[in-house]
2 protein chains.
Amino acid sequence: MNLKTSTAPENPNQAETHRQLLEAAGEVFAETGFRDATVREICRRANANIAAVNYHFGDKEALYKEVLRYSQQKALQKYPPLLGVAADAPPEKKLRAFVHSLLLRIFDKGPTSWHGKLMSREMIDPTAAMDSVIEERIRPMSEQLWKIVGEILDCPVNDERVRLCSFSVVSQCVFYFHCRVIVSRLFPAQEMDAAYVEKLADHITRFSLAAMKHLPEAKTSKSHSNATRN
Amino acid sequence: MNLKTSTAPENPNQAETHRQLLEAAGEVFAETGFRDATVREICRRANANIAAVNYHFGDKEALYKEVLRYSQQKALQKYPPLLGVAADAPPEKKLRAFVHSLLLRIFDKGPTSWHGKLMSREMIDPTAAMDSVIEERIRPMSEQLWKIVGEILDCPVNDERVRLCSFSVVSQCVFYFHCRVIVSRLFPAQEMDAAYVEKLADHITRFSLAAMKHLPEAKTSKSHSNATRN
DNA sequence: TGACATGTCAAACAATTGTTTGAATTATTT
DNA sequence: AAATAATTCAAACAATTGTTTGACATGTCA
């Protein structure tokens, strides 16, 4: 008995079924959620035996944790938060890139399209696996956004307005994915293709920039000497 | 055998267990979702026998449909979309009321606090029961918002900008609830009490108004003669 | 080749869960 | 009060599901 715990396999045979189980599990977990997903269905899609999940991952929950980490890593690797925009680019450009990359990650149609759905499910029913995802992935991304928003608002990153406005930006991105049931019901004609994602990125960026540059209390007392420093 | 289908009961005893089952089911469904909720737990909380669900509602799924309708009706009755703001009030006031009522409905702590969670779950795993909820509740509310936004943008309600901006408004409201796992993890100190809901309503309204009044293409070609007509 | 570890497989196990059943209890009607 | 209908109850049923088991196959190394 082997019972590896989250380490990459070395044997080519094992590596193959290991990877196929991950892919199949990602699909099924995304489609039906953790509880509704059956190991039988996962193994069927992976062309593996029923006992394969327990042999390779220990149990169903450990497999799920692996899938979550795997999808996060893949998605962030495919669409990094700033999409290659230069570090010294104007904050407006960075904001646009941040928004676009978030939309691309969520709406990705590729082989790892389960990332968005898995994250949506984690929002409602967070598992223990979500802890590390938040600390290792989401918090750094948030801090990146705070810096950008802080520059645009011209106020320190720990100002409450930075937090509120940053959430306002992110919320518009996740909405179209999380509430796509409603969006596509109210506007059945609208397809969610790459061109539309681009259009959404445009709107969200313009909407948010207009808001932040004309926010009633945006230019009040606070000094702006250290606005871009941390 | 009775097997009533979604009609209100007439017998006082039956009415009592019927209602208690609905309340208990609302709790459990909100906490754990449809699949993870067990009829045994629901009946336990309702002080009813295991067979009560099947006797009163037919099966577990029919009970769920009832719960969803019940929670929607209760929530909208408690917090109507415009919170009593006059029909001829300025659109800015109406927007603020719309935002506030949506937040109140979602964050409601009262006896029917499961409304928000149930809706979140329906977004990800829409059941057949969601169809009627969208058509009977959500679409009318959306049209109400489109009118308000159309007035603010000064363009017809079927303009694409109205749709995009309306979604931008709603998205900020649902975000704080749907992604509260992340929000409360990034800012553990922040409590989600009534005062904070008020503050959120303020920010979202100000942010959105600033955006809509200064949107780059907000005042282009379209005529505004029929802006408030439909 | 032979010994040994690794991986795969079909079958069975144990626990959970929605539902049904038929008797017992309670309420309503005649 | 008797009869009838409605409701509750404990027990059992049937299906699903995660997991385990022990045999069998495959590959590796002496």
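Side chains are part of it too, since the values below use all heavy atoms of this structure and drop only hydrogens, waters and symmetry mates. Note that the coordinates shown come from a computational prediction; the quantities given were computed from them, not determined experimentally.
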Trainee: Quick one: list whatever passes salt bridge (Lys or Arg N to Asp or Glu O under 4.0 Å) with A/Glu136, sequence neighbours left out.
Mentor: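 A/Glu136 satisfies salt bridge (Lys or Arg N to Asp or Glu O under 4.0 Å) with no residue once adjacent residues are dropped.
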
Trainee: Taking only residues two or more places apart in sequence or in another chain, which ones pass ring-ring contact (aromatic ring centres under 6.0 Å, His included) with B/His178?
Mentor: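 Result, ring-ring contact (aromatic ring centres under 6.0 Å, His included) vs B/His178: A/His178.
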
Trainee: Could you tell me how far apart B/Phe57 (CZ) and C/dT20 (P) are, to the nearest whole angstrom?
Mentor: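 So the CZ-P distance, B/Phe57 to C/dT20, works out to 16 Å.
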
Trainee: Rounding to an integer number of Å, can you tell me how far B/Asp59 CG sits from C/dT19 C1'?
Mentor: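 So the two atoms are 9 Å apart, to the nearest Å.
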
Trainee: Over how many whole Å does the gap from A/Glu41 atom CD to D/dT19 atom C1' extend?
Mentor: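 Taking atom C1' of D/dT19 as the reference, CD of A/Glu41 is at 18 Å.
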
Trainee: Rounded to whole angstrom units, what separation is found between the CD atom of B/Glu16 and the P atom of D/dA6?
Mentor: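 About 20 Å, once rounded to whole Å.
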
Trainee: Any salt bridge (charged side-chain N to carboxylate O under 4.0 Å, His left out) pairs touching residues 186-197 of chain A, not counting sequence neighbours?
Mentor: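 Salt bridge (charged side-chain N to carboxylate O under 4.0 Å, His left out) check on residues 186-197 of chain A returns no pairs.
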
Trainee: Verify the neighbour count for atom NZ of A/Lys93: are there more than 12 heavy atoms of other residues, nucleotides or ligands below 6.0 Å?
Mentor: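 At most 12 heavy atoms, drawn from other residues, nucleotides or ligands, come within 6.0 Å of this atom.
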
Trainee: Closest to the A/Asn54 side chain: C/dT6, D/dT20, C/dT20?
Mentor: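 The answer is D/dT20, which lies nearest to the side chain.
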
Trainee: Between A/Glu61 (CD) and D/dG18 (C1'), how many Å, whole number?
Mentor: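 To the nearest whole Å, that distance equals 12 Å.
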
Trainee: Using whole Å, what does the distance between atom P of nucleotide D/dT8 and atom CD of B/Gln20 come to?
Mentor: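 Result: 10 Å.
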
Trainee: Whole angstrom is fine here: how far is it from CG in A/Asp36 over to P in D/dG18?
Mentor: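 Taking atom P of D/dG18 as the reference, CG of A/Asp36 is at 10 Å.
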
Trainee: Would one find a side-chain N or O of B/His56 under 4.0 angstrom from OP1 or OP2 of D/dT8?
Mentor: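 For D/dT8, OP1 or OP2 has a side-chain N or O of B/His56 closer than 4.0 Å.
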
Trainee: Tell me the interatomic distance from B/Leu21, atom CG, to D/dT7, atom P, rounded to whole angstroms.
Mentor: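 Roughly 13 Å, once rounded to whole Å.
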
Trainee: Can you pull out every side chain to side chain donor-acceptor pair (under 3.5 Å) where at least one residue sits in residues 118-128 of chain B? Sequence neighbours excluded, please.
Mentor: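 Sorted result for residues 118-128 of chain B: A/Arg121-B/Asp125, A/Asp125-B/Arg121, B/Tyr64-B/Glu122, B/Glu122-B/Thr127.
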
Trainee: Are any protein N/O atoms closer than 3.5 Å to N/O atoms in nucleotides 9-16 of chain C? If there are, list each pair with its distance.
Mentor:
{"residue": "C/dC9", "atom": "OP2", "partner": "A/Asn49", "partner atom": "N", "Å": "3.4"}
{"residue": "C/dA10", "atom": "N7", "partner": "A/Asn49", "partner atom": "ND2", "Å": "3.4"}

Trainee: My understanding is that only residues two or more places apart in sequence, or in another chain, count here; which of them pass ring-ring contact (aromatic ring centres under 6.0 Å, His included) with B/His100?
Mentor: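 Counting only residues at least two positions away or on another chain, B/His100 forms no ring-ring contact (aromatic ring centres under 6.0 Å, His included).
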
